Amino acid sequence: MKAVELTENIYWVGGIDWDLRNFHGYSTQRGSTYNAYLIIDEKVTLIDTVKDYLYDEMIERISSVIDPTEIDYVVSNHVEMDHSGGLPELMELIPEATVFTSPKGKAGLKAHYKKDWNFSVVKSNQSLDLGQRSLQFVLTPMVHWPDNMVAYLPEDKILFSNDAFGQHIASSERFDDQLAYDVIMEEASKYYANIVLPYSGQVERILPTVEELDLEIVAPSHGVVWRNHIAEILEQYEKWANNQTEEKAVIVYDTMWDSTKKIAETLGGTFAAQGVSTRMMSLDANHISDIMTEVLTAKYICVGSPTLNNNLLPSVASFLTYLKGLAPKNRYGLAFGSYGWGGQSVDQIEEVLEEIGFELLEQIKYQYIPDGEKLKEEVAEKLDESNE
Ligand code: FEO
């Protein structure tokens, strides 16, 4: 396995996780990569590592261009183990190397690995001389953990952005002009919706700094490297971070005897008839992380469950827990469902949607089996009232 040249003397030396299908609850149907980057200069520098089980792959790629024991500096942009997992074994190989990281990065690495490596703690805007090149660090707390930082290489106009701008894609192609644009953007939006979304406020604050940089390459820690579509991904991040939505309704539901499904279908038909782009997303047929990709740009989030034992169906409760954690903003929420007697589910959904901060549309609730025509009229009436 070989290193891939980004530009002269700068290489991708990461690992490809072809079989990854579950990233703590996020369904990664295209696998992923953990991107480590090697800069060969007077000080040989490695930026981030890989998950521990891909350490040998990373070393093989490094070895294709230089003896790994020649590494002087390791930059740890992020403690999370998909990027630091290879560090303990690497540091056994290069115990004299200096590890550059943020203050919280040092604390996090020590808490994870219980090692006292030669740490050098960096601040925002601090520059590190590598010889012909330099790295400028910018601390980016909560994009994605408190320790996160990014590194900019002004001489080659490369931003090593770590989790930001990533996509979970396993491929032999390394650049954004080598894979289908729609696939890359779909995975970038899924990644934002499922990982970055709760930290949109922090992204909004850091984006102006990124936009001021002279950029020819944006090298994230997952997926392909951006060199052709940098403007497009920055524009998307601005929209997503601002919680900009489209006239789009996502209808998420589970059902027992198809009554809640009937309400869902009627809701979907009514939104579509009003010219609202509609996505029907049964929890039986869709993974919650794919639903979140649609939620990312949807103005209306409708959630339906019948009442089971005075509660929601567990699948709906699980989705609501996930949605609440990811906390999209500036949305309308609508709760719906059927019931036999207790009928608590719809109020329980509303409670969560309200907690997230959604503006509530009038709920839709039916006992036993809804009457088709009557249901259509009532749903249309309620949506009309909500739009007034
Ligand atoms: Fe890809 Fe937050 O680690």
Side-chain angles (χ1 to χ4, degrees), residues 12-37 46-55 57-58 74-88 90 99-113 137-151 159-171 174 176 184 187-203 205-206 210 218-226 233 237 240-241 289 292-293 322 325-327:
W12 173 86
V13 289
I16 306 176
D17 204 345
W18 296 98
D19 295 337
L20 184 82
R21 290 295 177 271
N22 181 349
F23 200 96
H24 37 73
Y26 171 158
S27 138
T28 47
Q29 69 267 36
R30 289 190 168 99
S32 194
T33 61
Y34 315 109
N35 297 338
Y37 299 97
L46 181 70
I47 298 182
D48 290 319
T49 66
V50 291
K51 272 189 180 172
D52 54 1
Y53 56 78
L54 291 172
Y55 172 79
E57 181 175 330
M58 177 184 79
V74 179
V75 172
S76 174
N77 277 332
H78 184 22
V79 171
E80 196 166 11
M81 287 175 283
D82 46 341
H83 310 299
S84 71
L87 204 48
L90 177 70
V99 179
F100 294 87
T101 188
S102 68
K104 290 204 164 126
K106 178 180 173 183
L109 289 172
K110 283 185 128 184
H112 275 69
Y113 303 114
F137 302 109
V138 178
L139 271 52
T140 54
M142 300 318 296
V143 190
H144 158 224
W145 280 12
D147 56 271
N148 270 84
M149 64 179 199
V150 299
L159 178 68
F160 298 98
S161 63
N162 197 266
D163 275 343
F165 313 116
Q167 338 90 46
H168 283 312
I169 300 175
S171 61
R174 290 275 61 81
D176 62 347
I184 299 169
E187 291 300 340
S189 69
K190 182 170 183 178
Y191 185 93
Y192 192 97
N194 287 278
I195 293 185
V196 189
L197 183 58
Y199 313 114
S200 288
Q202 288 86 345
V203 175
R205 280 194 286 281
I206 204 73
V210 173
V218 174
S221 56
H222 298 284
V224 295
V225 170
W226 303 92
I233 189 64
Y237 260 59
W240 297 332
S289 56
M292 282 311 302
T293 314
Y322 195 58
L326 293 167

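When a ligand or atom number is given, it counts from 1 through the structure's own listing order. Everything quoted here is computed from the prediction, not taken from an experiment.
Distances from atom 1 (Fe) of ligand 1 show that Glu80 has no N/O/S atom below 2.8 Å. Atom 1 (Fe) of ligand 1 has no N, O or S atom of His144 closer than 2.8 Å. For atom 1 (Fe) of ligand 1, the N/O/S atoms of His222 include one lying under 2.8 Å. At a cut-off of 2.8 Å, His83 does not coordinate atom 2 (Fe) of ligand 1 through any N, O or S atom.
With hydrogens and angles left out, the side-chain atoms of Asn162 and Asn148 include a donor and acceptor closer than 3.5 Å. A side-chain donor from one of Ser200 and Tyr192 sits under 3.5 Å from a side-chain acceptor of the other. Using modelled atom types and a 3.5 Å distance limit, the side chains of Asp17 and Tyr53 yield a donor-acceptor pair.
As for Asp163, its N/O/S atom nearest atom 1 (Fe) of ligand 1 is the one called OD1. Per residue Asp82, closest N, O or S atom to atom 1 (Fe) of ligand 1: atom name OD2.
When Arg30, Gln167, His222, His168 are each tested for a side chain to side chain donor-acceptor pair (under 3.5 Å) with Glu187, only one passes: Arg30.
For the residue pair Leu109 and Ser84, the shortest heavy atom distance occurs at CD2-CB, 3.8 Å.
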